[in-house]
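The next block holds one structure in the form of structure tokens; read it before the comments.
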Amino acid sequence: MERRYFGTDGIRGRVGDPTISPDFVVKLGWAAGRVLGNGHGGKVLIGKDTRISGYMFESALEAGLVAAGMDIRLLGPMPTPAVAYLTRTFRAVAGIVITASHNPYDDNGIKFFSADGDKLPDAVELAIEAELEQPLKTVEAARLGKAQRVEDASGRYIEFCKNSVPASLSLAGLKLVVDCANGATYHVAPHVFEELGARVVRIAVSPDGLNINRDVGSTKPHSLAAKVLEEGADLGIAFDGDGDRLMMVDATGRVVDGDALLYIIARARQAAGHLRGPVVGTLMSNLGLELALRGLGIGFERTKVGDRYIMERLKQIDGVLGGEPSGHIICRDRTSTGDGIVAALQVLAALAEAHQSLADACSEVAHYPQVLINVRLRQRMDPMTLPAVRDAVQQAEGELGTQGRVLLRPSGTEPVMRVMVEGVDGSQVQRLAEALADTVRAEVGAQAAPEQADQGQA
């Protein structure tokens, strides 16, 4: 059965669109309550990032879930991985996060977690979609759910993050710049690092509902890099709006992406004898990561882009570590989902154990030139079904030979085609990527839509 509403990471879109509107979210809450409660009720946690529309959708979800007989615990602004963790600790039947992750403020979305803190299985998402087709019927008044706020949610999560590293770890003597993207980590992440002893310089910690991810955070780390140099800091840490992505900046101002951070954690896990199975990346993972891991005798596998596919594969092979260049890093031996704060702590612990700077640790991973261009489409479709696009891809692959690769894939959250080219020669890679993007744009590109270029964005 084909999904109508759920993408690879919940439901997401522009506020006011048919599926990101108050009336739909009320119905979604009711349908989810019907499926997750299975007629017996239960407890559901609701968290959100700092978008202005979060208040509206929080109320809508609450109304729908209560109408289905579910009890609600409201967490307020909390990182997505915090909701996954708290769902487990509260023994809730599900957790819900109102967020559009790295997107601008005028987008929003709904993410679900199971009682185990995992993404919902496909069968459950399809069951919710089927229930959405039914008329909304409120349970009898005596069975209506109740709602209350959780006052100590942030404190619980701060302790969880600190407990993800050895009690002996001290960050005393380190000066860190922490960029919270004016998002959900603003009142959590700085405290974690400070309580472990670091001196923290905070940026993008003043959300106003409209400035989430605006020229800051893991997708726009230039502000962080500038601040690291200005402050003479040891390194910088950047999260996205909902706190499940991580980017770092070394003391020289160089941005360190998820691939290099994944390598640092993998190397430390191997040295400690705690690395099980191969490391799992995606089709977007840089070839340099694969070769660096191979040099350590560590296996590497690729999945489709998206942290849910990484987690699925890790479970299949009983692995513990995976991630994406965009900064989704899953430490399955620490948490049930990608967690930017936990991942940052694993990197800091690894650097402390090896007595290395971030710059020195990253020097062990070569980064092959990789260009990703996002082409907005007039409609969701697979351009590879078009002869002109197929011919252009074959021509590019022929020119690269064994020294590179080409990947065209649709976004899982918006009508965008990701055009990626990777190879040894940077100028060749740039030229081929632009030519392929021009071909896709000419065949199915949206009229007058600006081109977007990014690195490993899901």
Side-chain angles (χ1 to χ4, degrees), residues 8 255-263 266 278-296 298-310 312-313 317 319 321-329 362 364-375 377 381-412 416-445 451-458:
T8 57
V255 176
V256 180
D257 71 2
D259 282 344
L261 300 176
L262 188 58
Y263 170 83
V279 171
V280 177
T282 74
L283 295 171
M284 295 303 302
S285 298
N286 195 272
L287 182 60
L289 170 63
E290 182 175 356
L291 296 178
L293 290 173
R294 187 184 302 167
L296 295 176
I298 298 173
F300 181 74
E301 293 189 8
R302 296 179 187 267
T303 70
K304 292 189 295 184
V305 173
D307 58 333
R308 71 181 296 151
Y309 301 114
I310 295 172
E312 286 174 4
R313 186 56 184 159
I317 63 175
L321 190 60
E324 301 182 277
S326 60
H328 280 130
I329 297 176
C362 291
E364 301 174 16
V365 186
H367 188 85
Y368 284 71
Q370 185 184 88
V371 173
L372 175 64
I373 299 176
N374 297 334
V375 180
L377 307 179
M381 66 165 298
D382 181 5
M384 286 298 290
T385 60
L386 303 174
V389 175
R390 287 201 305 271
D391 290 346
V393 169
Q394 290 174 0
Q395 182 177 346
E397 289 177 334
E399 184 173 335
L400 288 168
T402 60
Q403 299 299 307
R405 60 194 182 101
V406 175
L407 175 67
L408 268 66
R409 67 172 186 85
S411 165
V416 166
M417 176 58 60
R418 317 292 196 196
V419 177
M420 191 279 287
V421 179
E422 182 180 52
V424 175
D425 184 333
S427 60
Q428 179 191 43
V429 165
Q430 183 71 42
R431 173 175 55 79
L432 292 175
E434 291 177 356
L436 282 170
D438 286 344
T439 300
V440 173
R441 193 175 296 110
E443 295 295 317
V444 288
E451 174 185 308
Q452 302 175 3
D454 209 335
Q455 180 68 33
Q457 185 165 298

CG on L262 to CG on L289, rounded to 0.5 Å:
5.5 Å
Contacts of L291 that satisfy side-chain contact (heavy atoms from CB on, under 4.5 Å) - sequence neighbours left out:
L287, R294, Y368
Does anything in residues 420-429 pair up under salt bridge (charged side-chain N to carboxylate O under 4.0 Å, His left out), and if so which pairs, sequence neighbours excluded?
R405-E422
Value rounded to 0.5 Å, distance of CZ in R313 from CD in E301:
4.0 Å
Please check: side-chain N/O of D259 versus main-chain N/O of S285, any donor-acceptor pairing under 3.5 Å?
no
Tell me every residue that passes side-chain hydrogen bond (donor to acceptor under 3.5 Å, both in side chains) with E397, counting only those two or more places apart in sequence or in another chain.
none
Test V280 against I317 for side chain to side chain contact (heavy atoms under 4.5 Å, CB included), laying out the working first.
CA-CA 10 Å; V280 177; I317 63 175; 3.8 Å; yes
Does A396 have any side-chain contact (heavy atoms from CB on, under 4.5 Å) partners at least two apart in sequence or in another chain, and if so, which?
V406, L432, L436
Under the 3.5 angstrom rule, does the side chain of D307 hit a backbone N or O of I310 as a donor-acceptor pair?
no
Rounded to the nearest 0.5 Å, what's the gap from CD1 on I298 to OH on Y263? Could you check?
7.5 Å
Rounded to the nearest 0.5 Å, what separates atom CD in E324 from atom CG in L261?
13.0 Å
Given 3.5 Å as the limit, does a donor-acceptor pair link the side chain of R418 with the main chain of N374, or not?
no
With sequence neighbours left out, write down each residue that passes side-chain hydrogen bond (donor to acceptor under 3.5 Å, both in side chains) with E312, or none if nothing qualifies.
none
Distance from T303 atom OG1 to L283 atom CG, nearest 0.5 Å?
7.0 Å
List the residues meeting side-chain contact (heavy atoms from CB on, under 4.5 Å) with Q430, not counting sequence neighbours, and say none if there are none.
V371, E434
Separation of K304 NZ from R409 CZ (nearest 0.5 Å)
11.0 Å
Counting only heavy atoms not in Q428, do more than 12 sit closer than 6.0 Å to its CD atom?
yes
Looking at P325 and T282, what are the two nearest heavy atoms and their distance?
CD-OG1, 4.3 Å
